[in-house]
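One structure is given below, encoded as structure tokens.
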Amino acid sequence: MKRSRELRPLSSEHHQALLVAFQVKKGLEGHPEAAGAPRDLPGLLALARRFERQVFAPHAAAEEALLSPHLSTPDRERLAAEHVELKGLVEQARHAAPGPQRAALAAFAELLERHVRWEERELFPWAEAHLDAARLAQIGCELEERLVLSGQGPRGATR
Ligand SMILES: [Fe+2]
């Protein structure tokens, strides 16, 4: 996917998000090739929680602070609602018995993938087309600071 330099810190985390979604799905299926993911439920829950805390939470906060003010109302609401839902699914999985825990993790992986694809295919192209260069540059600088320079960026999830 072609992406403007300014939004690249978000896009590189989207790649991580898609990998986590893939690992959780394959892990839940007990698939032999789960891209290095754990296949037991506690391991998958730990993966989802670590991702949520280290990557997703600062990522979602940055999108809401920097992009949301420029979005249409429906897009802004969808962005926030899906962020809340994703966090909620991890919390739900954390406190559930094994059966519902599997279901919550599966729903988390499914929504995470759908959410990222929406942002990459619709939301970011829209922002790139409608925000002026100065605004995009400012967003880019703040993203660097929040996601890359803070150490919560692309390498955060593997620590
Ligand atoms: Fe995102």
Side-chain angles (χ1 to χ4, degrees), residues 1-28 34-37 44-94 103-159:
M1 264 170 269
K2 197 168 158 287
R3 179 63 56 231
S4 65
R5 184 171 50 80
E6 291 82 359
L7 298 181
R8 244 177 254 159
L10 292 171
S11 284
S12 73
E13 293 188 343
H14 288 164
H15 286 289
Q16 275 183 278
L18 291 176
L19 176 63
V20 167
F22 176 84
Q23 288 177 317
V24 170
K25 276 187 186 177
K26 293 297 173 192
L28 286 173
L44 289 170
L45 176 63
L47 172 69
R49 288 189 65 197
R50 197 163 59 241
F51 170 77
E52 195 280 323
R53 202 170 52 238
Q54 293 183 342
V55 179
F56 180 77
H59 176 103
E63 285 177 345
E64 289 176 26
L66 303 175
L67 283 181
S68 282
H70 310 291
L71 301 177
S72 70
T73 304
D75 282 347
R76 186 169 55 243
E77 287 175 356
R78 177 174 175 179
L79 187 76
E82 290 185 355
H83 287 163
V84 167
E85 200 179 339
L86 283 163
K87 186 182 168 60
L89 285 167
V90 175
E91 273 307 294
Q92 215 175 298
R94 197 180 151 197
L105 284 172
F108 169 76
E110 197 274 326
L111 179 58
L112 183 60
E113 195 180 316
R114 189 153 38 86
H115 177 74
V116 163
R117 297 217 188 278
W118 168 63
E119 290 185 345
E120 287 289 335
R121 289 174 184 171
E122 295 177 43
L123 201 65
F124 287 11
W126 184 91
E128 286 162 350
H130 289 84
L131 300 186
D132 64 49
R135 176 72 70 199
L136 264 181
Q138 185 201 347
I139 291 172
C141 283
E142 293 201 34
L143 286 174
E144 287 277 324
E145 224 163 273
R146 278 175 178 247
L147 302 180
V148 182
L149 304 180
S150 69
Q152 296 292 316
R155 282 169 302 137
T158 56
R159 267 181 218 146

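Computed from heavy atoms alone, side chains included, the values below leave out hydrogens, waters and symmetry copies. All ligand and atom numbering here is 1-based and tracks the order in the structure.
Between the CD atom in Gln54 and the CZ atom in Arg50 there is a gap of 6.5 Å [rounded to 0.5 Å].
Vertex the Fe ion (ligand 1); arms to Glu63 OE2 and His14 NE2; angle rounded to 10 degrees, 120°.
Glu119 lies close to the Fe ion (ligand 1), since one of its N, O or S atoms is found at a distance under 2.8 Å. Taking backbone and side-chain atoms together, His59 has an N/O/S atom less than 2.8 Å away from the Fe ion (ligand 1).
Side-chain polar atoms of Glu63 and His83 form a donor-acceptor pair below 3.5 angstrom.
Side-chain atoms of Arg76 come within 3.5 Å of backbone atoms of Leu71 as a donor-acceptor pair (strictly under, hydrogens ignored). Glu128 contributes a side-chain N or O that, together with a main-chain N or O of Ser4, makes up a donor-acceptor pair within less than 3.5 Å.
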